[in-house]
> 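Got a structure here, written out as structure tokens. Questions coming.
All of these numbers come straight from a predicted model, not from anything done at the bench. Order of the sequence lines fixes the chain letters, A, B, ..., with proteins taken first and strands second; residue numbering starts at 1 for each chain.
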Amino acid sequence: MPPLHIGLLGAGGIARAHLPGWLELGARVSVHTQDGSADKLAGEYAELGHDVTAVPDLDDLLAGCRAVDICTPTPTHKDLALAAIAAGRHVVCEKPLALTVPDAEEIAAAAAEAGVQLHPAHVVRYFPAYAAMRDAVVRGELGDLAVLRFTRGGARPQWAPWFGDPAKSGGVIMDLMVHDIDIARWVAGDVVRVHARTRGSERATGAPADVVTATAVLTHASGAISHVTGLWGLPDQRFRTTFRVAGADGLLCHDSLAVPGFRITAQGVRAANEGIPSSPMTESPYLTELREFATSWEDPAARPRVDAHDGTAAVRIACAAVESSRTGQAVELPPASRPAAPERGTAATTHATDPEEPTR
Amino acid sequence: MKVAVLSFAHVHAAAYLRLLRDMPGVEVVGSDPEGAAAAAPGETRGRAFADQHGVPYVDTYEEAFARGPDAVVVCSENARHRPLVELAAAHRVDVLCEKPLATTVADGEAMVAACRAAGVRLAVAFPVRFSPAYAAVKRAVAAGDAGRVLTVSGANNGHLPTRARRWFADPELAGGGALMDHTVHIADLLDDLFAARAVEVYAQTNNLLYADEVAAETAGLVTVEYDNGTVATIDCSWSHPRSHPAWGGLEMTLVGEHATLEMDAFDQKVHGHSERHARPLELSFGADLDSRMLRAFLFGPGPDGMDLADGEGGLRTLRIVEAGYESARRGTAVAVAGG
């Protein structure tokens, strides 16, 4: 069998997080960008002996690859995804899938129509602490969930200016909080009501004090409630995520800064804040994610833990949060066409037979 | 200085009795006629409770007032604060009332009016104001080091308090559940911190914790918008497991334009594990907030100037709770009544 051939679109921070994962999976990777940065990325890896080449023409890339990995700014997702789907390629697409619900649904519908896989890259589902928590919830360890809290924050992204333009990134809710919106839904089920507020400077001005933060309360169909916050903070705001999940039979808490496994406590100079989180302790969650996606292309029975419906649902909830933040009103969401979370009893059975098998 | 503790209904009565008993220059007496007449099964009340804590006891509130107290501490059930505060006002004695001030804004307003008319001091028991961690937050905000505060995320989680005192989850006596019990501490801190008015509240609650045991809401998230632009969300849930060695805690993160601040009023503990008791061991070494609060009430503010919430402050936090219940019923944000 020829090696897996991946068409990587984009050469920014997240492309650099995905690329080592693809190489680990034995893929050869063609990189395409609009701004010439593909040459630099491909060159760096080719120099190390990896099979990574820059491809100047998108159609050439689509003609040759098995799947496309879209790691570009959010507003470009739709056109690139539709082009890849039209070429019959599976699509891995960075979160959020799109900035609007119709766009996200159009991408998902096109993929379904064409019979290709669409994988929204909600990578937090692959971070081991989150996966362990969700497994425990599915096993019924915590009983019925009642109240959940999620926080995610770090220094304002400076490596690419489009994050600071809400017209392009969708702002701190669409780009950052969407991670925990997806996790809250994954863990506690569909969301029926959202109330959110955004404070600070959504548009980056370049001033040092350029903080933007959002807070949202999600009401799940089960009656459980989630508090979710996102922060693009000051330059020295260390990247940190936390959760606290409380159910009738127990409590699970996590603080990413409290349990790094390894830390540098001095190095003579003050280190810059990392952009993309990484850990020396466990396999890269990006690799875990990409492996699960790629496996499903060979084995139709292997269904990744996140699918196109999850991606559109996250966009729908995030858009409702943005709307609530703008109008000041709580936003009601229509009942989902397909439930987000399994019944606990059945899920526990599924889990017992195969911990890797998604539980729906 | 003579102090009377009126009613032992509240779980804090035990700590107040012990602290007042041991406070130099203070002579304390307790009275708990309702508790003596009808203690809930398994709960020690009345004279036996006072004996347990080594504090003199009188059978009626009138006897307690006959001793000429300089101040009284009201520890009755939330819905029974009003008559005791009014009794204190009638005897022209300063009063420290457990939180929340009352279960309805109407009761709270009557209490404030009675104390004002009698010229007595009405203070509300919000001990977390006396946390050194909160004092540090207040200094950073007051000095402008934090810049404009954009958002606050607060959590005041505790275990279901009904094992010690059953009435906490009785909507008649408590006025509600977790939303009534645990919104007000953080709301009071922010009332003190910002001197801003709460204008809108959005609250969602459920009773998925202890659903078979209590009728009141046991979990809640309360979002409060202030007229200075700050948005605060408070997790008021009784979501701390009952078998945990700690009762719960109070944490707050403030995101300002120039600094992000975090405080935990109860995290100063040595952690370990007891083989003898087969469970985690926690040794608190933080400041005793109840003691600092009682001293400020009886002898005036300490060096950091922190004073107790007054009746008006207690009313402002109660209005937030009242709006919260209405919001939870309606599923929409609700304006906070002016006062």
Side-chain angles (χ1 to χ4, degrees), chain A residues 142-151 153 188 192-201 207-220 222-234 236-238 240 242 244-251 324-325 327-332, chain B residues 146-155 157 159 178 199-213 217-225 229-244 251 253-260 262 327-328 330-334:
Chain A
L142 302 189
D144 288 338
L145 299 187
V147 55
L148 305 86
R149 300 205 303 263
F150 300 92
T151 75
V192 295
R193 185 179 298 136
V194 183
H195 179 273
R197 289 292 180 272
T198 307
R199 287 293 183 269
S201 170
D210 222 12
V211 173
V212 62
T213 182
T215 176
V217 172
L218 315 180
T219 305
H220 299 269
S222 67
I225 48 182
S226 291
H227 181 212
V228 189
T229 65
L231 167 64
W232 276 335
L234 295 163
D236 61 339
Q237 184 82 46
R238 290 184 66 193
R240 178 187 192 185
T242 71
R244 182 183 187 279
V245 177
D249 294 333
L251 174 68
S324 172
S325 193
T327 63
Q329 306 298 315
V331 173
E332 303 283 329
Chain B
R148 206 158 52 94
V149 177
L150 303 173
T151 57
V152 178
S153 298
N157 298 134
H159 57 218
V199 290
E200 193 176 274
V201 176
Y202 176 76
Q204 295 283 275
T205 62
N206 65 50
N207 73 337
L208 295 166
L209 304 168
Y210 311 104
D212 304 331
E213 211 169 307
E217 79 284 352
T218 46
L221 295 170
V222 187
T223 302
V224 186
E225 283 194 69
T230 303
V231 178
T233 300
I234 300 168
D235 179 352
C236 62
S237 308
W238 287 331
S239 56
H240 197 76
R242 259 193 300 209
S243 56
H244 196 282
E251 303 159 47
T253 299
L254 297 90
V255 177
E257 283 186 319
H258 302 316
T260 307
E262 287 186 15
S327 171
R330 288 169 38 179
T332 59
V334 165

> Out of curiosity, Ile225(A) CD1 to Leu221(B) CG, how far, rounded to the nearest 0.5 Å?
4.0 Å
> Nearest 0.5 Å please: distance from the CD atom of Glu200(B) over to the NE2 atom of His195(A).
6.0 Å
> Supply the atom-to-atom distance Thr230(B) OG1 to Arg197(A) CZ, rounded to the nearest 0.5 angstrom.
13.0 Å
> Ser153(B) and Thr229(A): which non-hydrogen atoms are nearest, and at how many Å?
OG-CG2, 3.6 Å
> Select one option (side chain, backbone, both, neither) describing which atoms of Thr253(B) are under 4.5 Å from chain A's heavy atoms.
neither
> Enter the distance from His227(A):NE2 to Thr233(B):OG1 here, rounded to the nearest 0.5 Å.
3.5 Å
> How long is the gap from OG on Ser239(B) to CZ on Arg244(A), to the nearest 0.5 Å?
3.5 Å
> Taking all heavy atoms of Glu257(B) and all of Val211(A), pick out the closest pair and write down the distance.
O-CG2, 3.7 Å
> Taking all non-hydrogen atoms of both residues, which atom of Thr260(B) and which atom of Leu234(A) are closest, and how far apart?
N-CD1, 4.5 Å
> What residue in Ala333(B), Ser243(B), Gly220(B), Gly229(B) has the most heavy-atom pairs under 4.5 Å with chain A?
Gly229(B)
> Picking from Leu208(B), Val255(B), Thr223(B), which has the most non-hydrogen pairs under 4.5 angstrom with chain A?
Leu208(B)
> From Thr219(A) OG1 over to Asn206(B) CG, what is the distance, rounded to the nearest 0.5 angstrom?
9.0 Å
